[in-house]
Amino acid sequence: MATNIDVVAALLSAEPISVETAMAAVESETAGAVVTFSGVVRNHDGGAQVARLSYSAHPLALGVLNTVVASLIDGTSMADPSGHPVRIWVAHRVGPLEIGEPALVCAVASSHRAQAFELCAALVERIKAEVPIWKEQFFTDGSVEWVGAGNVPEKRLPRNPVGLNP
């Protein structure tokens, strides 16, 4: 039996996101487990003090996020024999963030904890590896660093775009 999955949300947000919102969106009477993940902006990276950061998303990032969620659903090996739905909510912030703000929030609700843990962990790893979102870190010493996340989706460019030399 295939897993009955309800994708409640898969979005990029310029507004704050929260675990509480994600949990409320996926909870149900059939869910025996709600597993959440919140990736929070920390004040350090590689030994340097981070003051703040900003995320930028490729124009196709939302489509890639939805593809990741869909492929995760297709690839899940665990089915709920009762047919109860597994509910997923995921959001990644874009724009400026301060220390302590959530940048990535995921919630998975399922009848069973093993399935909820498996899907939530796989979702976070796939988003970090595949969704084209870049982080610009602003350090307290005034330096700035770009950190790539995900891959740029392949999109055919014109042979000689306007403004470029042949």
Side-chain angles (χ1 to χ4, degrees), residues 5-73 75-76 85-153:
I5 299 199
D6 178 14
V7 180
V8 177
L11 51 97
L12 302 178
S13 177
E15 300 300 319
I17 55 178
S18 72
V19 169
E20 294 79 13
T21 299
M23 285 182 66
V26 299
E27 289 176 329
S28 74
E29 292 179 354
T30 63
V34 176
V35 173
T36 62
F37 171 82
S38 180
V40 180
V41 178
R42 62 181 180 262
N43 69 354
H44 64 93
D45 187 44
Q49 292 297 110
V50 175
R52 61 187 168 79
L53 54 81
S54 182
Y55 283 98
S56 298
H58 187 280
L60 299 177
L62 184 58
V64 174
L65 176 62
N66 280 288
T67 298
V68 165
V69 173
S71 67
L72 184 71
I73 292 167
T76 188
V86 173
R87 296 171 52 88
I88 296 174
W89 189 100
V90 60
H92 200 299
R93 281 288 304 273
V94 292
L97 283 89
E98 299 296 326
I99 304 302
E101 286 190 86
L104 172 62
V105 173
C106 302
V108 176
S110 174
S111 292
H112 305 285
R113 70 182 175 277
Q115 184 177 44
F117 274 114
E118 176 188 345
L119 289 174
C120 191
L123 184 59
V124 170
E125 294 305 319
R126 296 274 310 273
I127 289 168
K128 296 294 286 178
E130 297 175 35
V131 179
I133 297 174
W134 298 274
K135 176 171 59 175
E136 184 178 17
Q137 297 188 113
F138 299 88
F139 296 98
T140 58
D141 67 2
S143 62
V144 177
E145 174 186 49
W146 281 91
V147 179
N151 299 309
V152 176

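- If you check the side chains of S110 and Q115, you find a donor sitting under 3.5 Å from an acceptor.
- To the nearest 0.5 Å, atoms CG (L104) and OG (S38) are separated by 8.0 Å.
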CA sep, side-chain torsions, deciding dist, call: V108, F37, side chain to side chain contact (heavy atoms under 4.5 Å, CB included): CA-CA 9 Å; V108 176; F37 171 82; over 6 Å; no
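- Between V69 and L123, the closest side-chain pair of non-hydrogen atoms falls below 4.5 Å.
- Listed here is the closest heavy atom pair of T21 and W89: CG2-CZ2, 4.1 Å.
- Nearest heavy atoms, P102 versus L97: O-CD2, 3.4 Å.
- Heavy-atom minimum distance, S18 versus V105: O-CG1, 3.7 Å.
- A heavy-atom distance below 4.5 Å is not found between the side chains of V41 and R93.
- Here CZ of R87 is found 13.0 Å from CE of M23. Values are rounded to the nearest 0.5 Å.
- Here L53 contributes atom CG and E101 contributes atom CD; the two are 9.0 Å apart, rounded to the nearest 0.5 Å.
- If you take CD1 on I99 and NE2 on H44, they are separated by 9.0 Å, rounding to the nearest 0.5 Å.
- Aromatic ring pairs are classed by plane angle as parallel below 30°, tilted from 30° to 60° and perpendicular above 60°; the pair W134 and H58 is tilted.
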CA sep, side-chain torsions, deciding dist, call: E136, V144, side chain to side chain contact (heavy atoms under 4.5 Å, CB included): CA-CA 7 Å; E136 184 178 17; V144 177; 3.5 Å; yes
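- In this structure, the side chains of C106 and I127 come closer than 4.5 Å at one or more pairs of heavy atoms.
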L65 vs H92, side chain to side chain contact (heavy atoms under 4.5 Å, CB included): CA-CA, chis, key distance, verdict: CA-CA 9 Å; L65 176 62; H92 200 299; 5.6 Å; no
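- Side chains of T30 and P85 form a contact here, defined as non-hydrogen atoms less than 4.5 Å apart.
- Nearest approach of R126 to L72, heavy atoms of both residues: NH1-N, 4.2 Å.
- When all heavy atoms of A116 and A33 are compared, the closest pair comes out as CB-CB, 4.2 Å.
- Note that CG of L12 and CG of L62 are 5.0 Å apart. Values are rounded to the nearest 0.5 Å.
- Taking CH2 of W146 as the start and NZ of K135 as the end, the distance is 12.0 Å to the nearest 0.5 Å.
- Residues A10 and N66 come closest through the heavy atom pair CB-OD1, 3.6 Å.
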